[in-house]
2 protein chains.
Amino acid sequence: MNIGEVATKSGLPAKTIRYYEDIGLIRPDRHDNGYRLFRQPHLHKLMFVARARSLGFSIDDCRVLLALYDDDSRASAQVKALAQDHLAQIDAKIAGLRAMRDTLADLVDACHGDSRPDCPILKDLAAKHHG
Amino acid sequence: MNIGEVATKSGLPAKTIRYYEDIGLIRPDRHDNGYRLFRQPHLHKLMFVARARSLGFSIDDCRVLLALYDDDSRASAQVKALAQDHLAQIDAKIAGLRAMRDTLADLVDACHGDSRPDCPILKDLAAKHHG
DNA sequence: CATAGGCATTCCAGTCACTGGAAGCTCAAC
DNA sequence: GTTGAGCTTCCAGTGACTGGAATGCCTATG
């Protein structure tokens, strides 16, 4: 398969796939003409990575996950630990965003949003926030 | 005030404040020796930006917000529109993260996490995901 | 055989908002 | 005068791509 075909099949842009090769995440073969030659296992890896990325795993996490996947003697505990760690990070990010969201929503609610210049949102931004 | 003092007072690293000058967000004066000279309004602006950033506004948003803050004839509707837009983006991001989180949490739950290699997390990553 | 197009290649630069580090200058204290 | 903290500039790196330019390859048609 050429890069266009794996791009379609994996849902990843060709640019991204080339980038993944650059950083050593996949190592496709080459045709005589220099074109990348992807075989079934390459496509499989790319789909694996695409899925992991869609779950928010970093590229480095993906490297580890791929290695674990390739390692028949892995302990599932290793995978679970990695996933739990990542889950905790997502939870933290959600919590941070929710705090943001709530504050911002209060401000938006408080702002009448008409043609007058008086604005609680700007007032809040301009107020001193300790801590 | 020197940069160290405004850094302490605003809670922003000195590096960040220099960066904000680089990109034209603030324009402190200068001492004869080349040191930046911050006055009260500069500090005020920095605190304004710090608060806006903590609410997730982009630097470009901050530029607009500062301009609106400086403009006595602004309509609060403009500020509200910007904030609502940003709120919608935060909501979208939270929704995305929650979907991620739920999927991942299911996988973590399904994984026994012991010394055996069998792992539902890796199985999911390796499975074909359409759509 | 020339050419047009669509695909592929490489390489460089830009994104966003910083952050780290090196090399050197200034200032206050001892 | 020497130390050390604080300031300066400039360059490079982060993460994970993304855009674009310049060029090469392949296929199909006139």
Side-chain angles (χ1 to χ4, degrees), chain A residues 1-39 42-43 45-66 86 89-90 93 96-97 100, chain B residues 1-39 42-43 45-66 86 89-90 93 96-97 100:
Chain A
M1 290 172 284
N2 282 349
I3 198 168
E5 193 175 344
V6 278
T8 304
K9 284 185 176 162
S10 68
L12 293 168
K15 275 259 171 190
T16 298
I17 297 173
R18 289 195 196 100
Y19 168 72
Y20 285 171
E21 185 185 7
D22 263 15
I23 62 172
L25 207 51
I26 43 157
R27 305 193 180 281
D29 299 329
R30 292 279 174 160
H31 288 280
D32 287 344
N33 62 10
Y35 283 23
R36 288 168 184 80
L37 166 56
F38 295 86
R39 303 183 195 279
H42 298 126
L43 174 58
K45 264 194 177 185
L46 283 173
M47 287 171 46
F48 184 104
V49 170
R51 173 69 171 162
R53 294 284 301 124
S54 83
L55 290 175
F57 286 101
S58 72
I59 294 286
D60 273 355
D61 285 343
C62 290
R63 260 185 239 278
V64 176
L65 288 168
L66 278 175
H86 178 46
Q89 283 179 40
I90 293 178
K93 192 173 270 180
L97 281 174
M100 240 185 217
Chain B
M1 291 173 285
N2 282 348
I3 199 166
E5 192 175 345
V6 279
T8 304
K9 285 184 176 165
S10 67
L12 294 167
K15 276 261 173 189
T16 298
I17 297 173
R18 289 193 196 100
Y19 169 72
Y20 285 172
E21 185 186 7
D22 264 14
I23 61 170
L25 207 51
I26 43 156
R27 306 192 180 282
D29 298 330
R30 293 280 173 159
H31 289 280
D32 287 344
N33 63 10
Y35 283 23
R36 288 169 183 79
L37 167 55
F38 295 86
R39 303 182 194 280
H42 298 127
L43 174 58
K45 265 193 176 186
L46 283 173
M47 287 169 47
F48 183 104
V49 170
R51 173 68 172 162
R53 293 285 302 126
S54 82
L55 290 174
F57 286 101
S58 71
I59 294 286
D60 272 354
D61 284 343
C62 289
R63 261 184 237 280
V64 174
L65 288 168
L66 279 174
H86 179 46
Q89 282 178 41
I90 293 178
K93 193 174 270 179
L97 282 172
M100 241 184 217

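In this text, all values refer to a predicted model and were calculated from it rather than measured experimentally.
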**Q.** Residues which pass salt bridge (charged side-chain N to carboxylate O under 4.0 Å, His left out) with A:Arg63, listed by chain and number, not counting sequence neighbours
**A.**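 With neighbours one apart ignored, the set is A:Asp60.
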**Q.** salt bridge (charged side-chain N to carboxylate O under 4.0 Å, His left out) partners for A:Arg53, two or more places apart
**A.**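 Here no residue qualifies.
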Exercise. Is the distance from OP1 or OP2 of C:dC27 to the nearest side-chain N or O of B:Asn33 less than 4.0 Å?
Worked result: yes
Rounded to whole angstroms, how far apart are [atom1] on [X] and [atom2] on [N]?
| X | N | atom1 | atom2 | result |
| --- | --- | --- | --- | --- |
| B:His31 | C:dC27 | NE2 | C1' | 12 Å |
| A:Leu12 | D:dC17 | CG | P | 8 Å |
| A:Leu37 | C:dT9 | CG | P | 11 Å |
| B:Ile23 | C:dT19 | CD1 | P | 12 Å |
| A:Asp22 | D:dA16 | CG | C1' | 12 Å |
| B:Ile26 | C:dA17 | CD1 | C1' | 15 Å |
| A:Arg30 | D:dG24 | CZ | P | 17 Å |

Any side-chain heavy-atom pair of [X] and [Y] under 4.5 Å:
| X | Y | value |
| --- | --- | --- |
| B:Val6 | B:His42 | no |
| B:Leu65 | B:Phe48 | yes |
| A:Leu25 | A:Tyr19 | no |

Contacts under 3.5 Å, N or O only, protein and nucleotides 3-8 of chain C:
unit_1 : atom_1 : unit_2 : atom_2 : d
C:dA8  : OP1    : A:Gly4 : N      : 2.6

Restricting to side-chain hydrogen bond (donor to acceptor under 3.5 Å, both in side chains), what partner residues turn up for [X], sequence neighbours left out?
| X | value |
| --- | --- |
| A:Glu5 | A:Lys9 |
| A:Arg36 | A:Glu21 |
| A:Arg27 | none |

List the atom of [X], the atom of [Y], and the distance in Å for their closest heavy-atom pair.
| X | Y | answer |
| --- | --- | --- |
| B:Leu12 | B:Leu46 | CD1-O, 3.8 Å |
| B:Ala50 | B:Ser10 | CB-O, 4.2 Å |
| A:Ala7 | A:Ala14 | CB-N, 3.9 Å |
| B:Ile3 | B:Phe38 | CA-CE1, 3.6 Å |
| A:His86 | A:Leu55 | NE2-O, 2.8 Å |

Next item on the list: State which residues pass side-chain contact (heavy atoms from CB on, under 4.5 Å) with B:Asp22; sequence neighbours excluded, sorted by chain then number.
Entry: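 Once residues adjacent in sequence are excluded, B:Asp22 has no partner under the side-chain contact (heavy atoms from CB on, under 4.5 Å) criterion.
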*Residue list, side-chain contact (heavy atoms from CB on, under 4.5 Å) with A:Tyr35, at least two apart or on another chain*: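 A:Asn2, A:His31, A:Asn33.
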Quick check for you: to the nearest 0.5 Å, what is the distance between B:Thr8 atom OG1 and B:Met1 atom CE?
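Result: 11.0 Å between the selected atoms.
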Angle between terminal axes - the helix from C:dC1-D:dG30 to C:dC30-D:dG1, 5 pairs each end, rounded to 10°: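 It works out to 30° between the end axes.
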The correct set of residues in residues 50-66 of chain B placing a heavy atom under 4.0 Å from DNA chain C is B:Arg53, B:Ser58, B:Ile59
Identify the pairs formed between an N or O of the protein and an N or O of nucleotides 18-23 of chain D at a distance under 3.5 Å, and give each distance.
unit_1 : atom_1 : unit_2  : atom_2 : d
D:dT18 : OP2    : A:Thr16 : OG1    : 3.3
D:dG19 : N7     : A:Lys15 : NZ     : 3.0
D:dG19 : O6     : A:Lys15 : NZ     : 2.9
D:dG20 : O6     : A:Lys15 : NZ     : 2.2

Extract from the structure each pairing of a protein N or O with an N or O of nucleotides 28-30 of chain C at less than 3.5 Å, listing the distance.
none

